[in-house]
> 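Sharing a structure here in C-alpha cells format.
Order of listing sets the numbers, starting from 1, for every ligand and every atom in it.
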Amino acid sequence: MKLDFSGQVVAVTGAGSGFGRAIAAQFADLGARVYATDVSDAALSPLKGPNIETAVVNLLDRRASAQWVASIAESAGRLDVMVNNAGGVMGQAHKPLETVSDDEWDRVIDINLGSAFALARAVTPVMKAQKSGAIITISSGAALQASLTGVQAYCSAKHGVLGLTRQLAHELGPFGIRVNSVAPGFVRTNPATEAQWDAMGPDNQAALMRSIALGRLGTPQDIANVTVFLASPLASFVNGQIISVDGGK
Ligand SMILES: NC(=O)c1ccc[n+]([C@@H]2O[C@H](COP(=O)([O-])OP(=O)(O)OC[C@H]3O[C@@H](n4cnc5c(N)ncnc54)[C@H](O)[C@@H]3O)[C@@H](O)[C@H]2O)c1
C-alpha cells in the first residue's frame, strides 16, 4: 500500500523544531493538508508551503489551544489526525526533589500532559461528528521507566500521557477514533538534548550507544515515520498502543 493522505487534514503541535517539524513535513509530503503550530513564528517559517498552514499558539493557554482546533475545523471542514507532540523539559535539568518549585513542576506537567488533554478534548467533537479520527501522542521512553533527564515532572507527565492515551482509546474507540502513542528514545534535537548529551560525557555517551541494539541514536525522521504509520489505514486496528521508537533497548 502506498501511503496517501490526500484530502486529509492533520494538525501537529510543536512543529517549529525536532520531531514536530519532521512530522508536519512528512504528512505534507504524503499529500495531507497540514496545520502546524508552535510558540514562535520564526521557528515555523521553514515549514511554510502550499499545503501547510502555520499558526502561533501558546499551548499553555488551553482556551487558545481549543480556538486553534476550532479554527482548523471551520476552515478545513474536518480534522483527521491530531498529533500532540509539543512538550519537553522546558529548559529544566535534574535537581534534587526537595529543591523543585511548584512553578517548575506545573510548567512541565502543563505542556506535556495538560496540552495533550486540552487538545484531545477540543478535537473530540469534530472527530465524533465525522465518525473517524486518529489522535497520536508523542510520549517518551520516560513514559515507561525513569527518565534520562532526571526531571521528576517530565517522567510523571509522560507516564500520564500514556495513561491518557490508553483511557481515551477506550472512550473514543466506539466513535471510530483511535488514540495511540509514539515513545521515542533519546534523539539530539534541540539545545536541551545537546546539553543532556554533553553532560553525559564520553563514558556515558558510549554506554548509551551500547544500550541501543541498533547501535545508533534515532532521528526526527524515525519518529515521523511511525507517527505517519499510526495515522494511516495500515494501523486501522491499532488502538491504545504505545510504540517505542528507540532502536531496541
Ligand atoms: N528529543 C528527545 O530525545 C525526546 C525523547 C523522547 C520524547 N521526546 C518528546 O518529543 C516531543 C518533541 O521533542 P523534540 O525533541 O522534537 O523537542 P523540541 O524542543 O525540539 O520541539 C518541541 C517544540 O515544542 C514547542 N513548545 C514548547 N512549549 C510550547 C508551548 N507552550 N506552546 C506551543 N509550543 C510549545 C517548542 O517551541 C518546540 O518547537 C516532546 O514532547 C518531547 O518531550 C523527545
> Starting from atom 32 (N) of ligand 1, locate the nearest protein heavy atom and write down its residue, its atom name and how far away it is, to 0.1 Å.
L59 N, 2.9 Å
> Please work out, at 4.0 Å between heavy atoms, whether the side chain, the backbone, both, or neither of K158 comes within that distance of ligand 1.
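The answer is the side chain.
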> For S75 and Y35, does a side-chain donor sit closer than 3.5 Å to a side-chain acceptor?
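Yes.
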> Going by atom types alone, do S139 and T137 pair a side-chain donor with an acceptor below 3.5 Å?
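No donor-acceptor contact under 3.5 Å links the two side chains.
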> Which of the numbered atoms in ligand 1 are under 4.0 angstrom from any heavy atom belonging to Y154?
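Listed by number with element: 6 (C), 7 (C), 8 (N), 9 (C), 42 (C), 43 (O).
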> Using a strict cut-off of 4.0 Å, indicate which atoms of ligand 1 neighbour a heavy atom of S140.
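This gives 6 (C), 7 (C) as the contact atoms.
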> L60 heavy atoms, cut-off 4.0 Å: which ligand 1 atoms fall inside?
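Taking each heavy atom of L60 in turn, ligand 1 has 31 (N) under 4.0 Å.
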> With the side chain counted from C-beta on, respond yes when V187 and T193 share a heavy-atom pair under 4.5 Å apart, and no when they do not.
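When only atoms from C-beta onward are counted, T193 and V187 do not touch, as no gap falls below 4.5 Å.
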> Between the side chains of D38 and S40, does any donor sit under 3.5 Å from an acceptor?
no
> What about L234 and I223, same hydrophobic cluster or not, with Ile/Leu/Val/Met/Phe/Trp/Tyr joined at side-chain heavy-atom distances under 4.5 Å?
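Yes, same cluster.
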> Tell me which protein heavy atom sits closest to atom 24 (O) of ligand 1, plus the residue, atom name and distance to 0.1 Å.
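For atom 24 (O) of ligand 1, the nearest protein heavy atom is G14 CA, 3.5 Å.
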> Using a 4.0 Å heavy-atom cut-off, say whether N190 meets ligand 1 through its side chain, its backbone, both or neither.
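For N190, only side-chain atoms sit under 4.0 Å from ligand 1.
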> If we set the cut-off at 4.0 Å for heavy atoms, which region of I111 has an atom near ligand 1: side chain, backbone, both, or neither?
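Contact part for I111 vs ligand 1: side chain (C-beta onward).
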> Please work out whether any backbone atom (N, CA, C, O) or any side-chain heavy atom from C-beta onward of T193 is under 4.0 Å from ligand 1, and answer side chain, backbone, both or neither.
side chain
> Please identify which of these residues, V81, T165, V10, meets the side-chain contact (heavy atoms from CB on, under 4.5 Å) condition with I136.
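Exactly one candidate clears the test, V81.
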> Report the relative orientation of the aromatic rings in F5 and F27; use parallel for angles under 30°, tilted for 30 to 60°, perpendicular for over 60°.
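Answer is perpendicular, since the angle exceeds 60°.
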> Below 4.0 angstrom from a heavy atom of G18, which ligand 1 atoms are there? Numbered from 1 as shown, please.
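Under 4.0 Å from G18, ligand 1 has these atoms: 16 (O), 20 (O).
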> With respect to S132, which candidate in R178, R78, M127 satisfies the side-chain contact (heavy atoms from CB on, under 4.5 Å) definition?
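Passing option: R78.
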> For the residue pair F229 and N225, establish whether any side-chain heavy-atom pair is separated by less than 4.5 Å.
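They are not in contact (no side-chain heavy atoms under 4.5 Å apart), so the answer is no.
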> Just jot down the ligand 1 atoms closer than 4.0 angstrom to any heavy atom of F186, in number order.
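By the 4.0 Å cutoff, the relevant atoms are 3 (O).
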> What protein heavy atom sits nearest atom 22 (C) of ligand 1, and how far away is it?
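Here the closest protein heavy atom is G87 O, 3.9 Å.
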> Between I72, L79, V9, which is the residue that forms a side-chain contact (heavy atoms from CB on, under 4.5 Å) with V126?
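It is L79, the one option of I72, L79, V9 that forms the side-chain contact (heavy atoms from CB on, under 4.5 Å) with V126.
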> What residue and atom, counting heavy atoms only, is the protein's closest point to atom 2 (C) of ligand 1, and at what distance?
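Looking at atom 2 (C) of ligand 1, the protein heavy atom closest to it is V187 O, 3.4 Å.
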> Side chains of Q92 and R107: does their closest heavy-atom pair fall under 4.5 Å?
yes
> Please report the closest heavy-atom contact between C155 and Q145, naming both atoms and the distance.
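Shortest heavy-atom separation between C155 and Q145 comes out as SG-O, 3.5 Å.
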> Considering only non-hydrogen protein atoms, determine which one is nearest to atom 15 (O) of ligand 1 and report residue, atom name and distance to 0.1 Å.
T189 OG1, 2.5 Å
> Check each atom of ligand 1 against the heavy atoms of N58 and keep those under 4.0 Å away; list them by number with element.
30 (C), 31 (N), 32 (N)
> Given that the side chain starts at C-beta and the backbone is N, CA, C, O, which of these parts of S139 lies under 4.0 Å from ligand 1, counting heavy atoms, or is it both or neither?
backbone
> Just heavy atoms, cut-off under 4.0 Å: does N85 contact ligand 1 by side chain, backbone, both, or neither?
both
> Identify, for atom 38 (C) of ligand 1, the protein heavy atom at the shortest distance, and state residue, atom and that distance.
D38 OD2, 3.5 Å
> Considering only non-hydrogen protein atoms, determine which one is nearest to atom 13 (O) of ligand 1 and report residue, atom name and distance to 0.1 Å.
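That would be F19 CD1, 3.7 Å.
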> Check whether any heavy atom of A43 sits under 4.0 Å from an atom of ligand 1.
no
> Any idea which protein heavy atom is nearest atom 5 (C) of ligand 1, and the distance to it?
G185 O, 3.3 Å
> Which ligand 1 atoms are under 4.0 Å away from a heavy-atom of V57?
32 (N), 33 (C)
> Quick one: do the N190 and E194 side chains pair a donor with an acceptor below 3.5 Å?
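There is no such pair (donor and acceptor under 3.5 Å, judged by atom type) between the side chains of N190 and E194.
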